[in-house]
Amino acid sequence: SGNIYSISAPLYVMIMGGTLGNGQTPLQVVMNVATVGTTIAPASVKLTLWDSSGAQYVASPTSSEIRSDAPAQPQGSIRTTAYSWDTASAPIVASGFRFEFLASGPSMSLDAVRLDMLYVPAPGSIALAVIAALPGRRRRRG
């Protein structure tokens with residue numbers, strides 16, 4: 001079916017990536033996860049950010065929200081959950097990230113994951129946006 005599945009043991013998922021030389025830490029991070037069967041163990045959900053020198057910032061979600069939930073046969077549920085982190089106070093400039101979570105038991109199928117990271121635009125791009133929004137001056141003919 002294209003899903004990642006574990007029938008005999010709790011499924012452990014780790015997603016890693018880099019920030020492509022962005023030079024800043026995201027202000028907010030959101031991970032949406034869709035699963036079928038056993039649900040995610042909430043205490044297992046973690047975000048790790050690290051910088052180019054190897055310093056790490058590890059955090060549990062600031063909040064979580066079940067976006068949809070329906071019974072699944074023969075057991076468990078079809079569930080989409082959003083986990084959010086407020087990372088503005090992270091004491092590092094992130095160059096990489098890792099998300100980790102564990103199923104609460106066997107028989108969880110990972111259907112989809114979406115990661116969203118909110119960054120503050122660089123001052124130069126803000127200035128360009130402001131200039132582009134200014135109305136052009138027209139000459140009046142008299």
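What you are looking at is a predicted structure, and each value in this text was computed from that prediction instead of being measured.
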field: Cluster companions of Leu118 among Ile, Leu, Val, Met, Phe, Trp, Tyr (side-chain spacing under 4.5 Å)
entry: none

query: Looking at CH2 of Trp50 and CZ of Arg98, how far apart are the two atoms once the value is rounded to the nearest 0.5 Å?
result: 6.0 Å

message: Is the shortest side-chain heavy-atom distance between Met108 and Ile40 below 4.5 Å?
response: yes

- request: Starting at OG1 of Thr80, measure out to CD1 of Ile66 and round the result to the nearest 0.5 Å.
  value: 10.0 Å

message: Apply the hydrophobic cluster definition, ILVMFWY joined by side-chain contacts under 4.5 Å directly or through others, and give me every member besides Tyr5.
response: Ile7

- prompt: Are Val113 and Met117 linked, directly or through other ILVMFWY residues, by side chains that come within less than 4.5 angstrom of each other?
  reply: yes

query: Are Leu102 and Met31 joined in one hydrophobic group, where the rule is that I, L, V, M, F, W and Y side chains link up if heavy atoms are under 4.5 Å apart?
result: no

Those residues that, when tested against Ser60, pass side chain to side chain donor-acceptor pair (under 3.5 Å) (two or more places apart): Lys46

- request: Look at the side chain of Ser77 and the backbone N and O of Ala72, then say whether any donor-acceptor pair between them is shorter than 3.5 Å.
  value: no

message: Taking Ile4 as the starting point, is it possible to reach Val33 by hopping between hydrophobic residues whose side chains are less than 4.5 Å apart?
response: yes

- prompt: Applying salt bridge (charged side-chain N to carboxylate O under 4.0 Å, His left out), which residue pairs with at least one partner in residues 53-63 are found, sequence neighbours left out?
  reply: none

message: Give me each pair satisfying ring pair (Phe, Tyr, Trp, His ring centres under 6.0 Å) with a member in residues 56-91, each pair once, sequence neighbours excluded.
response: Trp85-Phe99

- prompt: Any donor-acceptor pair under 3.5 Å linking the side chain of Thr38 with the backbone of Pro106?
  reply: yes

statement: In short, Ala90 meets Thr25 closest at the heavy-atom pair CB-CG2, 3.9 Å

- request: Please examine the side chains of Leu49 and Thr87, heavy atoms only from C-beta on, and report whether any two atoms are closer than 4.5 Å.
  value: yes

task: Can you sort out the partners of Tyr12 under side chain to side chain donor-acceptor pair (under 3.5 Å), two or more places apart, ordered by chain and number?
output: Glu100

query: Considering only heavy atoms from C-beta outward, does the side chain of Leu47 approach that of Val58 to under 4.5 Å?
result: no

statement: Distance col, row Ser95:OG vs Gln24:CD, nearest 0.5 angstrom, shows 13.0 Å

task: Please list, chain by chain and in numerical order, all residues satisfying side chain to side chain donor-acceptor pair (under 3.5 Å) with Asp116, sequence neighbours excluded.
output: Arg114

- prompt: salt bridge (charged side-chain N to carboxylate O under 4.0 Å, His left out) with Asp69: which residues, sequence neighbours excluded?
  reply: Arg79

task: Please identify each residue that fulfils side chain to side chain contact (heavy atoms under 4.5 Å, CB included) with Ala112, with sequence neighbours left out.
output: Ala34

statement: Sorted by chain and residue number, the side chain to side chain donor-acceptor pair (under 3.5 Å) partners of Gln56 (sequence neighbours excluded) come out as none

task: Look at the side chain of Thr62 and the backbone N and O of Asp86, then say whether any donor-acceptor pair between them is shorter than 3.5 Å.
output: yes

statement: By side chain to side chain contact (heavy atoms under 4.5 Å, CB included), Ser53 pairs with (sequence neighbours left out) Asp51, Ala55

- request: Output all residues satisfying side chain to side chain contact (heavy atoms under 4.5 Å, CB included) with Val13, sequence neighbours left out; order by chain, then residue number.
  value: Leu11, Ile15, Phe101, Leu110

- prompt: When you measure from the side chain of Thr81 to the backbone N and O of Glu65, does any donor-acceptor pair fall under 3.5 Å?
  reply: no

task: Given side-chain contact (heavy atoms from CB on, under 4.5 Å), test Phe97 with Leu115 step by step and report yes or no.
output: CA-CA 11 Å; Phe97 61 85; Leu115 306 173; 4.0 Å; yes

